[in-house]
Amino acid sequence: MIDSHAHLDDEKFDLDREELINNLKENGIDRVYNIGADIISSENSVNLANKYDNIFAVVGVHPHEADSYDEKIEKRLEELAKNEKVVGIGEIGLDYYYDNSPRQVQKQVFKRQIDLAAKLKLPIIIHSRDAHKDTFDILKEGKEKYPSLKVLIHCYSSSVEMMREYMKLGFYIALGGAVTFKNAVTPKEVAKEVPLERLLLETDCPYMAPVPLRGKRNEPMFMKYTAKEIAALRNMDVKDLVKQTDKNTLEFYHD
């Protein structure tokens, strides 16, 4: 099983990070894609990827940090992306829930990182919270500008209808622990309806632990609960689900 989105560099893993990573394989996790949110976490992700064969890195600046984005940071991202273990730009996008950075600044930085990814010929990993229309509009514009751009909407939280619009653009979506929550009506509907060849699994660890571990520190090996839930919703064998989502993850990041 492949975790398409994790934050193993997070301080919540400081006490047992090495042990956890060394035990991934025996816990059913073949590889993990560790995602940056700012320059420090992006550098840490690259360091992890360099240290462990089964870790790959994604580098980028999260909308929370958009205010800090400048030419120096962009140049550093480009330098990091030259590493062969760096396979994407992210997580980038918009977050109107917290509004840590002004919305106009978030949009500008989002577009700049799409341009950077296109220049580097790397896929982009999207964070979108309470900003569904603006995110869609910017991504549609980006796809028109760069037809070969590959896009993954991480921790997808919008509607089934919006998911279908993303599918028309050839994008991928990733679902995590939220799909197991009792009151998560829309994520469950999306899990049923999304084309199987466009679906990825993720943890977003240490956040969003699935039921029955909700509220605890999330870990890559907990993804089995998410896979089991989605397979049940789709009336399919969990092994078949994982086989396809693993294939999709490898295609997205490496093809």
Hydrogens and angles aside, do Asp38 and Ser41 bring a side-chain donor and acceptor to less than 3.5 Å of each other?
yes
Polar contact flag, side-chain donor to acceptor under 3.5 angstrom, Asp3-Thr203:
yes
Check Lys247 with Glu251, please: is the shortest side-chain N to carboxylate O separation under 4.0 Å?
yes
Would you call Arg76-Glu43 a salt bridge at under 4.0 Å N-O?
yes
Remaining members of the apolar cluster that contains Phe181, side-chain heavy atoms under 4.5 Å
Tyr207, Met208, Val211
Apart from Tyr98 itself, which Ile, Leu, Val, Met, Phe, Trp or Tyr residues share its cluster (side-chain heavy atoms under 4.5 Å, direct or through members)?
Tyr97
Just by distance, do the side chain of [X] and the backbone of [Y] share a donor-acceptor pair under 3.5 Å?
X: Glu202; Y: His154; answer: no
X: Ser4; Y: Thr249; answer: no
X: Asn248; Y: Leu199; answer: yes
X: Ser101; Y: Asp67; answer: yes
X: Lys85; Y: Ala49; answer: yes

Atom pair [atom1]/[atom2] of [X] and [Y] - distance to nearest 0.5 Å:
X: Met163; Y: Ser157; atom1: CE; atom2: OG; answer: 13.0 Å
X: Lys140; Y: Phe171; atom1: NZ; atom2: CZ; answer: 10.0 Å
X: Leu196; Y: Thr245; atom1: CG; atom2: OG1; answer: 7.5 Å
X: Lys143; Y: Lys168; atom1: NZ; atom2: NZ; answer: 15.5 Å
X: Ile153; Y: Leu139; atom1: CD1; atom2: CG; answer: 5.0 Å
X: Glu219; Y: Leu24; atom1: CD; atom2: CG; answer: 9.5 Å

Does NZ or CZ of Arg103 come closer than 6.0 Å to the centre of the six-membered ring of Tyr96, within 45° of the ring's axis?
yes
For Lys12, what residues pass the salt bridge (Lys or Arg N to Asp or Glu O under 4.0 Å) criterion, not counting sequence neighbours?
none
Applying salt bridge (Lys or Arg N to Asp or Glu O under 4.0 Å), name anything that partners Asp137, two or more places apart in sequence or on another chain.
Lys133
With hydrophobic residues grouped by side-chain heavy-atom distances under 4.5 Å, do [X] and [Y] end up in a single group?
X: Ile35; Y: Tyr52; answer: no
X: Phe110; Y: Ile73; answer: yes
X: Leu200; Y: Ile173; answer: no
X: Val58; Y: Leu77; answer: no
X: Leu175; Y: Val160; answer: yes

Would you list the pairs meeting salt bridge (charged side-chain N to carboxylate O under 4.0 Å, His left out) in which at least one residue belongs to residues 15-32, sequence neighbours left out?
Asp14-Arg17, Asp16-Arg217, Lys25-Asp30
Applying salt bridge (charged side-chain N to carboxylate O under 4.0 Å, His left out), which residue pairs with at least one partner in residues 117-126 are found, sequence neighbours left out?
Glu78-Lys119
Identify the residue among Arg234, Arg198, Arg164 that makes a salt bridge (Lys or Arg N to Asp or Glu O under 4.0 Å) with Glu193.
Arg164
Partner of Gln108 by side chain to side chain contact (heavy atoms under 4.5 Å, CB included), out of Gln104, Lys111, Gln106
Gln104
[X]: which residues meet the side-chain hydrogen bond (donor to acceptor under 3.5 Å, both in side chains) condition with it, sequence neighbours left out?
X: Tyr172; value: none
X: Tyr146; value: Asp115
X: Glu74; value: Tyr69, Arg112
X: Lys51; value: none

Aromatic contact between Tyr33 and Tyr253, with the criterion being ring centroids under 6.0 Å apart: yes or no?
yes
Could you walk me through whether His7 and Asn34 pass the side chain to side chain donor-acceptor pair (under 3.5 Å) test, one step at a time?
CA-CA 5 Å; His7 301 281; Asn34 208 75; 5.6 Å; no
Would you say the side chain of Asn218 lies within less than 4.5 Å of the side chain of Pro210, judging by non-hydrogen atoms?
yes
Are any non-hydrogen side-chain atoms of Ile89 and Leu120 less than 4.5 angstrom apart?
yes
Residues 220-233 side chain polar contacts: donor-acceptor under 3.5 Å, at least two apart:
residue, atom, partner, partner atom, Å
Glu229, OE2, Lys188, NZ, 2.9

Which pairs would a plain distance check flag for residues 122-131, meaning a side-chain donor or acceptor within less than 3.5 Å of a matching protein atom at least two apart in sequence or in another chain?
residue, atom, partner, partner atom, Å
His127, ND1, His62, NE2, 3.4
His127, ND1, Glu91, OE1, 3.1
His127, NE2, Asp95, OD2, 2.7
Ser128, OG, Thr135, OG1, 2.8

